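Taking it in order: structure first as structure tokens, then the write-up.
This one's a predicted model, so the numbers in the text were calculated from it and none came from an experiment.
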Amino acid sequence: MNQPLAGFAPAPVTARMENHGDHMLKVALQTGNDLLARVGSMVAYEGFVQYEPNPPAVRQIAKDWLTGEGAPLMKCSGDGLLYLADYGANVVVINLDGDGISVNATNLLAFDAHLTWGVERVKGLAKFAGQGLWNTRISGQGWVALTSRGKPIVVDCGGGEDETYVDPDALVAWSPNLKVKGKRSFKAQSLIGRGSGEAYQMAFSGQGLVVVQPSEDSTDRLRVRG
């Protein structure tokens, strides 16, 4: 029995965060290097690991999540290996090297607790959808894990004059230095998106990356905010 299962055994630890297959995240926890992870994402762990849902630091920042787009987070601490997943979604691991990333809260799986993070409104979209779109911005030196409904593509905007257009319901994350604006299209509504109303796209320009999943999230990210 052991032989056919050997290929699924955990591999030796080589990094703070890494994929175990396409749909699971493995985190090497150490005392003093805590992790913030989506509540309910733990599927297994080895060693001594403690969990604290909605810790004070998260509550202080999450008070800005007035739109209901916040991700419920827990603090994970201790020494051991922690395995996280989100209903079989693909996991994307990113090592920030002093830079940042803007992430849709529904695609945020885990990140190092020492990173600087906060909730911000995406500028340039308010005129299209009430108060606009809110995202989680994470920056610093450390690790971030995202989820994607299917294997994502990473589009390099390249810094040229041409804009990159993305359906907001397929958007996962982007470089925060990119310029963002909304575009409304009637002619494209039968081709882009799943909604029956006007079709919205987000236009990105500048130097940076955009992560797009091959599946549209069920959450309407450009609905009117009250």
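Residues Val119 and Asn135 have side chains not in contact (no heavy-atom distance under 4.5 Å, counting atoms from C-beta outward). You'll find the side chain of Asn19 stays beyond 4.5 Å of the side chain of Met24, heavy atoms only.
Side chain of Thr116 to main chain of Gly140: no donor-acceptor pair is present (N/O by atom type, distance under 3.5 Å, no hydrogens or angles). Panel note: side chain Asn177, backbone Gln207; a donor-acceptor pair is recorded below 3.5 Å. Under the 3.5 Å distance criterion, the side-chain polar atoms of Arg16 are matched with a main-chain donor or acceptor of Asn33. Side-chain N or O atoms of Ser148 include one that pairs as donor or acceptor with a backbone N or O of Gly150 at under 3.5 Å. A donor-acceptor pair under 3.5 Å links the side-chain atoms of Arg38 to the main chain of Leu108, judged by distance alone.
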Step-by-step ring-ring contact (aromatic ring centres under 6.0 Å, His included) determination, Trp143 to Phe111 = CA-CA 6 Å; Trp143 295 83; Phe111 58 97; over 10 Å; no
Please report the C-alpha distance between Ile153 and Val155 in whole Å, then the side-chain angles of each, then the deciding distance to 0.1 Å, and finally whether the side chain to side chain contact (heavy atoms under 4.5 Å, CB included) criterion is met.
-> CA-CA 6 Å; Ile153 60 170; Val155 180; 4.0 Å; yes
Working for side chain to side chain contact (heavy atoms under 4.5 Å, CB included), residues Leu35 and Leu29 = CA-CA 8 Å; Leu35 182 80; Leu29 282 179; 4.0 Å; yes
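Taking both residues in full, the closest heavy atoms of Ile101 and Ala173 are given as CD1-CB, 3.8 Å, listed atom of the first, atom of the second, then distance. The two residues Ser102 and Pro176 have their closest heavy-atom pair at N-CD, 4.1 Å. Closest heavy-atom contact between Cys76 and Ala37: SG-CB, 4.1 Å. Between Leu96 and Ile138, the closest heavy-atom pair is CD1-O, 3.8 Å. Considering every non-hydrogen atom in both Ala110 and Leu84, the closest pair reads CB-CD1, 3.7 Å. Thr147 and Gln213 make their closest contact through O-OE1, 4.4 Å (heavy atoms, listed as atom of the first residue, atom of the second, distance).
Hydrophobic clustering (ILVMFWY, side-chain heavy atoms < 4.5 Å, transitive): Val49 and Tyr83 are in distinct clusters. A continuous path of Ile, Leu, Val, Met, Phe, Trp and Tyr side chains, each step under 4.5 Å between heavy atoms, connects Val92 with Val172, placing both in one hydrophobic cluster.
Between the side chains of Thr31 and Asp79, a donor-acceptor pair is found at a separation under 3.5 Å. Between Gln141 and Asp97, the side chains place a donor N or O and an acceptor N or O closer than 3.5 Å (distance only, hydrogens not considered).
Taken from CG in Leu178 to CE in Met202, the straight-line distance is 10.0 Å, to the nearest 0.5 Å. Rounded to the nearest 0.5 Å, atoms CG (Leu36) and CE (Met74) are 10.0 Å apart.
A side chain to side chain contact (heavy atoms under 4.5 Å, CB included) with Val144 holds for exactly one of Thr136, Leu115, Asp112; it is Leu115.
Ion pairing between a basic and an acidic side chain is recognised when a charged N comes within 4.0 Å of a carboxylate O; Asp86 and Arg149 show such pairing. Of the charged side-chain nitrogens involved, none lies within less than 4.0 Å of a carboxylate oxygen, so that Glu163 and Lys179 do not count as a salt-bridged pair.
Taking the ring centroids of Phe204 and Trp174, they lie under the 6.0 Å cut-off.
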